[in-house]
K.L.:
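Mind having a look at this structure? Questions to follow.
Just so you know, ligand 1 is whichever comes first in the structure, and atom 1 is the first atom listed for that ligand. Position 1 is the first residue of the sequence, and the numbers go up from there.
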Amino acid sequence: MRRVIIAGNWKMNKNISESIDLANSIKRSLYDIEEVEIVICPPFTSLSDVNEITMETNIKLGAQDCFWEKEGAFTGEVSAGMLKSVGCEYCIIGHSERRQFFGETNETVNKKLKVLLKENIKPIVCVGEKLEERKSGRTFDVIKDHVVNSLAGISKEEMVRTVIAYEPVWAIGTGVNATKEQAEEAHKYIRTLLGQMHGDDVAKSVRIQYGGSVKPENIKELILQEDVDGALVGGASLKADSFVQLVKNCL
Ligand code: PEP
């Protein structure tokens, strides 16, 4: 049985005091929820303060990116070990905004994936097609390229610890979510690919989140799909009310 996982990606929003307020509100409202795994991913600058709030609670802490080297002359970068030391249990990698604006590729995602797994941080690996790729019938090709190459060279046990987020780029921050049928079709395809790579038992165990304009109003119909195991949420994770309602609507 795959446990639903809802992760809030705060992106480049919330200074430290705003992060503390939001994390406290979420904790107050969701402290007794066990059925859904709840993850919040503040910016790097807020991780330490938010960790003080979420430590030893049901709310897990995640980062939005990491670098694959352990330490050294890599100005501006943050290692997986540093994320571990600040309490991160999850880390998003390969987000389309990183692919689009910061030169992230399947190869760099794959290096990050491996260091995170070594540090015992669960990676949330984002995959998904752009609008023009969908329109030209290349959705499955793009998903396959992202899944096969971003997730290359890991063991079955590591694959099970990894979460995949299917995020069609055209749905991110646009208010236009994939329909439940579109989401399920893509998720089923990803699970088929995982089966080819690691066998059916592994494929059945890996959680695949949907991301792209998820709101309290549409989360239920999405997670009712057989292969949709939760959501990666941007905009609706920035206000306590909407994030809390979204999580509660999964119950
Ligand atoms: C995201 O950035 O991962 C995302 C899904 O954003 P939004 O929910 O705002 O579409």
Side-chain angles (χ1 to χ4, degrees), residues 4-14 18-19 22 26 36-44 46-47 60-66 88 90-104 106 108-109 112-113 116 122-131 133-134 139 142-143 146-147 150 162-180 182-184 186-187 190 207-223 225 227-250:
V4 167
I5 174 169
I6 301 293
N9 173 13
W10 296 3
K11 310 194 185 188
M12 197 176 73
N13 295 291
K14 308 292 175 192
E18 291 165 341
S19 298
L22 180 54
I26 290 170
V36 176
E37 187 165 9
I38 303 161
V39 184
I40 53 177
C41 304
F44 288 134
S46 296
L47 285 173
K60 312 266 171 74
L61 187 65
Q64 299 173 20
D65 191 25
C66 74
C88 287
Y90 283 88
C91 181
I92 299 167
I93 51 176
H95 193 281
S96 63
E97 286 152 17
R98 301 240 34 113
R99 292 181 191 259
Q100 186 181 348
F101 302 127
F102 303 100
E104 187 85 284
N106 292 328
T108 59
V109 175
K112 294 173 181 187
L113 173 80
L116 288 168
K122 296 184 190 82
I124 298 177
V125 181
C126 303
V127 304
E129 80 288 356
K130 300 189 189 108
L131 185 59
E133 292 165 338
R134 176 164 283 263
T139 298
V142 173
I143 292 175
H146 286 177
V147 168
S150 297
T162 300
V163 175
I164 298 175
Y166 168 62
E167 298 211 306
V169 180
W170 48 270
I172 297 178
T174 59
V176 181
N177 60 287
T179 63
K180 58 185 192 313
Q182 286 171 321
E184 174 58 17
H187 285 229
I190 292 169
R207 289 179 298 175
I208 308 174
Q209 298 176 300
Y210 166 76
S213 298
V214 176
K215 302 178 264 301
E217 299 76 37
N218 60 19
I219 184 66
K220 191 76 191 187
E221 63 176 23
L222 287 161
I223 59 159
Q225 303 308 301
D227 291 289
V228 179
D229 307 311
L232 180 56
V233 185
S237 73
L238 294 176
K239 288 213 166 80
D241 286 359
S242 54
F243 189 68
V244 165
Q245 199 52 54
L246 199 154
V247 171
K248 288 188 172 169
N249 287 356
C250 295

K.L.:
Does at least one non-hydrogen atom of Ala171 fall below 4.0 angstrom from an atom of ligand 1?
P.N.:
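Distance cut 4.0 Å: Ala171 passes for ligand 1.
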K.L.:
Please determine, by modelled atom types, if Gln182 and Tyr210 share a side-chain donor-acceptor pair under 3.5 angstrom.
P.N.:
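Distance-only check fails for Gln182 and Tyr210.
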K.L.:
Quick one: nearest non-hydrogen protein atom to atom 3 (O) of ligand 1, plus distance?
P.N.:
Glu167 OE2, 2.7 Å
K.L.:
I need the full list of salt bridge (charged side-chain N to carboxylate O under 4.0 Å, His left out) pairs touching residues 207-218, with sequence neighbours left out, sorted by first then second residue.
P.N.:
Glu37-Arg207
K.L.:
For atom 8 (O) of ligand 1, what is the closest protein heavy atom, and at what distance to 0.1 Å?
P.N.:
Gly234 N, 2.8 Å
K.L.:
Atoms of ligand 1 less than 4.0 Å from Ser213 heavy atoms?
P.N.:
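Answer for ligand 1: 7 (P), 8 (O), 10 (O).
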K.L.:
Which ligand 1 atoms, with their elements, are less than 4.0 angstrom from a heavy-atom of Asn9?
P.N.:
2 (O), 3 (O)
K.L.:
How about Lys239: does its NZ atom have over 12 heavy atoms from other parts shown lying under 6.0 Å from it?
P.N.:
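No, the 6.0 Å shell around NZ holds no more than 12 heavy atoms from other groups.
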K.L.:
Is a side-chain donor-acceptor pair under 3.5 Å present for Gln64 with Trp10?
P.N.:
no
K.L.:
Show me which atoms of ligand 1 lie under 4.0 Å from any heavy atom of Gly212.
P.N.:
5 (C), 10 (O)
K.L.:
Regarding Gln100 and Ser96, is there a side-chain donor-to-acceptor distance under 3.5 Å anywhere?
P.N.:
no
K.L.:
Return the closest protein heavy atom for atom 2 (O) of ligand 1 as residue, atom name and distance.
P.N.:
Lys11 NZ, 2.5 Å
K.L.:
Would Gly173 count as a contact residue for ligand 1, given that I'm defining contact as a non-hydrogen atom of the residue lying under 4.0 Å from a ligand atom?
P.N.:
yes
K.L.:
How far is atom 1 (C) of ligand 1 from its nearest protein heavy atom, and which residue and atom name does that atom have?
P.N.:
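Minimum-distance protein heavy atom for atom 1 (C) of ligand 1 reads His95 NE2, 3.2 Å.
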K.L.:
In terms of atom number and element, which parts of ligand 1 are under 4.0 angstrom from non-hydrogen atoms of Gly235?
P.N.:
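The atoms of ligand 1 under 4.0 Å from a heavy atom of Gly235 are 7 (P), 8 (O), 9 (O).
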K.L.:
Listing request: all salt bridge (charged side-chain N to carboxylate O under 4.0 Å, His left out) pairs with a residue in residues 163-177, at least two apart in sequence or in separate chains.
P.N.:
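Passing the test, one end in residues 163-177: no pairs.
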K.L.:
Answer with yes or no whether the side chains of Asp241 and Gln245 bring together a donor and an acceptor at under 3.5 Å.
P.N.:
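No, no side-chain donor-acceptor contact under 3.5 Å.
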